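Comments concern the structure below.
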Amino acid sequence: QISYFNDPDLFHVNIAKVKAHSMGITASVKNLQGIWVESFKRLCMYYSNVRKSMGNEYDHCLQKNFEEHIEENLVNSGYTSSDPSIYDKTLCLIPTQLIGFIQETQPKTLEKLELQFGTETETKLIKKVSTEIENRGVIDVLRKGVKTRGCEFKLVYFQPKSGLNPEHKDLYKKNRFTVIRQLKYSLKNENSIDMGIFINGIPIVMMELKNTLTGQNHINGEKQWKYD
C-alpha cells in the first residue's frame, strides 16, 4: 500500500532488498528505489510478539509445519509415510519393507533359501542384511547386495540406462520408498530424529531439521546429531 512520505505510520524502504532479521521476512523490490511501504514494520512486530508469547510452542509449530511440508511432497512423489513403530531399533531396518521387497522381486531365490532355513528364513535374512550393512556400509550393500548360503539378493534396483530391458524397468518400479517422522532410534532413550528416509527398508537419509527463526542452523543440527 502506497502512503504519503510523511505518514507517521510509514516504514521507508530505500534499498532494493530489506530483511527483518528477527523474523526472517524478506521484502524484495526489483527495479524500484525509494518506495514507501506501509504496515511492513507492524507486521514484523506482530510475528515477533507472537513468537515471544508462545515460546517453545511457537518454534515447535514451525518445525512441525516444515516436517509436514516435506512429508507431503515426498508422499506426492510416491513415498509411503509410515509409523515409527515399524522401525527395528536393534537391526536399524524396517523388516517388513525389506522382506516385502525381496518377496515381490526375488521370490525364487527366497524359496531356495527357505529350503535351508525353513521358518527362520526371514529372521536370518534380515539379520544378515543388518550385519552386512554394519560391516560394509549402506552404499556397498545397496550396490552389491548380500549373499548367504549360496543365495544372492539384490536390495535395490537402480534406474535402467535405457528402456531396452522391460523386466529391469518393472523391477526398478518395485523399489519401496518410505518416510518416517520423529523416528525413535535408540534402545537407551526416547530421543528421535526428525525424519528418516528408507529404500526397501534400508535407511539412506536422516534429517535433523532446524529453523533459523528459532536462532538455530545446520551447525546446531550437526552437534545434536553427534552428541544426542
Side-chain angles (χ1 to χ4, degrees), residues 66-185 192-209 221 225:
F66 192 20
E67 286 182 23
E68 290 175 350
H69 177 71
I70 296 174
E71 179 186 38
E72 180 181 356
N73 278 272
L74 290 176
V75 170
N76 290 338
S77 299
Y79 284 66
T80 298
S81 179
S82 296
D83 189 86
S85 61
I86 70 172
Y87 177 74
D88 190 304
K89 297 178 184 178
T90 302
L91 299 173
C92 302
L93 297 168
I94 303 178
T96 53
Q97 291 283 357
L98 176 61
I99 292 300
F101 167 75
I102 292 175
Q103 288 174 335
E104 186 177 13
T105 60
Q106 302 153 86
K108 293 183 179 179
T109 308
L110 186 60
E111 289 175 4
K112 180 180 176 182
L113 189 63
E114 287 175 345
L115 294 176
Q116 302 181 64
F117 287 139
T119 57
E120 296 184 327
T121 300
E122 293 184 6
T123 302
K124 289 186 176 295
L125 180 54
I126 293 169
K127 177 62 177 177
K128 176 67 175 178
V129 172
S130 178
T131 302
E132 289 293 301
I133 290 176
E134 184 176 355
N135 294 334
R136 294 161 46 198
V138 170
I139 294 177
D140 191 65
V141 168
L142 288 175
R143 285 177 174 171
K144 300 177 182 178
V146 298
K147 297 178 182 178
T148 179
R149 295 293 183 93
C151 299
E152 184 174 351
F153 294 94
K154 292 184 178 297
L155 301 180
V156 63
Y157 285 95
F158 296 102
Q159 185 174 10
K161 296 181 180 180
S162 70
L164 299 178
N165 189 335
E167 182 181 357
H168 190 176
K169 188 176 181 180
D170 290 339
L171 289 171
Y172 167 71
K173 292 180 179 179
K174 291 181 180 179
N175 286 319
R176 302 182 177 200
F177 292 91
T178 305
V179 57
I180 295 179
R181 290 173 55 186
Q182 295 303 312
L183 177 66
K184 295 182 179 180
Y185 58 89
S192 63
I193 297 172
D194 290 334
M195 303 192 81
I197 294 178
F198 301 76
I199 183 167
N200 305 324
I202 297 174
I204 54 174
V205 176
M206 294 291 151
M207 292 184 282
E208 188 60 41
L209 306 178
W225 185 267

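Here, residue 1 is the first one in the sequence, and each next residue gets the next number. Side chains are part of it too, since the values below use all heavy atoms of this structure and drop only hydrogens, waters and symmetry mates. Fair warning: this is a prediction, and the values are worked out from it, not measured in the lab.
Inter-residue side-chain proximity for Phe153 and Val129 is flagged as unmet; no heavy-atom pair is nearer than 4.5 Å. Side-chain contact between Asn73 and His69 is present, with heavy atoms from C-beta onward closer than 4.5 Å. Looking at Asp88 and Ile126, their side chains never come closer than 4.5 Å, going by heavy atoms from C-beta outward. Taking 4.5 Å as the limit, every side-chain heavy atom of Pro203 sits out of range of all side-chain heavy atoms of Ile197. Taking the side chain as every heavy atom from C-beta outward, Leu142 and Ile204 approach each other to under 4.5 Å. With contacts defined as side-chain heavy-atom distances shorter than 4.5 Å, the pair Met207/Ile193 does not qualify.
Thr121 OG1 to Leu115 CG: the interatomic distance, rounded to the nearest 0.5 Å, is 8.5 Å. Atom CG of Leu93 sits about 6.5 Å away from atom CD1 of Ile202, to the nearest 0.5 Å. Atom CG of residue Leu74 and atom CD of residue Glu72 lie 10.5 Å apart, to the nearest 0.5 angstrom. With values rounded to the nearest 0.5 angstrom, Lys128 atom NZ is found 14.0 Å from Leu91 atom CG. If you take CZ on Phe117 and CG on Leu110, they are separated by 11.5 Å, rounding to the nearest 0.5 Å. Atom NZ of Lys154 sits about 9.5 Å away from atom CZ of Phe101, to the nearest 0.5 Å.
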| message | Does Ile70 form a side chain to side chain contact (heavy atoms under 4.5 Å, CB included) with Leu209? I'd like the steps, not just the answer. | response | CA-CA 11 Å; Ile70 296 174; Leu209 306 178; 4.0 Å; yes
| request: Apply side chain to side chain contact (heavy atoms under 4.5 Å, CB included) to the pair Glu122 and Gln103, showing each step before the final yes or no. | output: CA-CA 10 Å; Glu122 293 184 6; Gln103 288 174 335; 3.1 Å; yes
| query | Given the rule in the side chain to side chain contact (heavy atoms under 4.5 Å, CB included) test, do Leu98 and Leu155 qualify, once you have shown the distances and angles that lead to the verdict? | reply | CA-CA 8 Å; Leu98 176 61; Leu155 301 180; 3.9 Å; yes
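Ring-plane geometry between Tyr157 and His168 is classed as perpendicular, the angle between the planes exceeding 60 degrees on a 0 to 90 degree scale with a lower cut at 30.
By the side-chain contact (heavy atoms from CB on, under 4.5 Å) test, Ser192 pairs with Gln182, Lys184, sequence neighbours left out.
Between Ile180 and Pro84, the closest heavy-atom pair is CG2-CA, 3.6 Å. The shortest heavy-atom contact between Arg176 and Thr96 is NH1-O, 4.5 Å. Between Asp83 and Ser85, the closest heavy-atom pair is OD2-OG, 2.6 Å. Between Met206 and Gly196, the closest heavy-atom pair is SD-CA, 3.6 Å.
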List the atom pairs, donor and acceptor, that lie under 3.5 Å between side-chain atoms in residues 144-152 and the rest of the protein, sequence neighbours left out.
unit_1, atom_1, unit_2, atom_2, d
Lys144, NZ, Asp140, OD1, 3.3

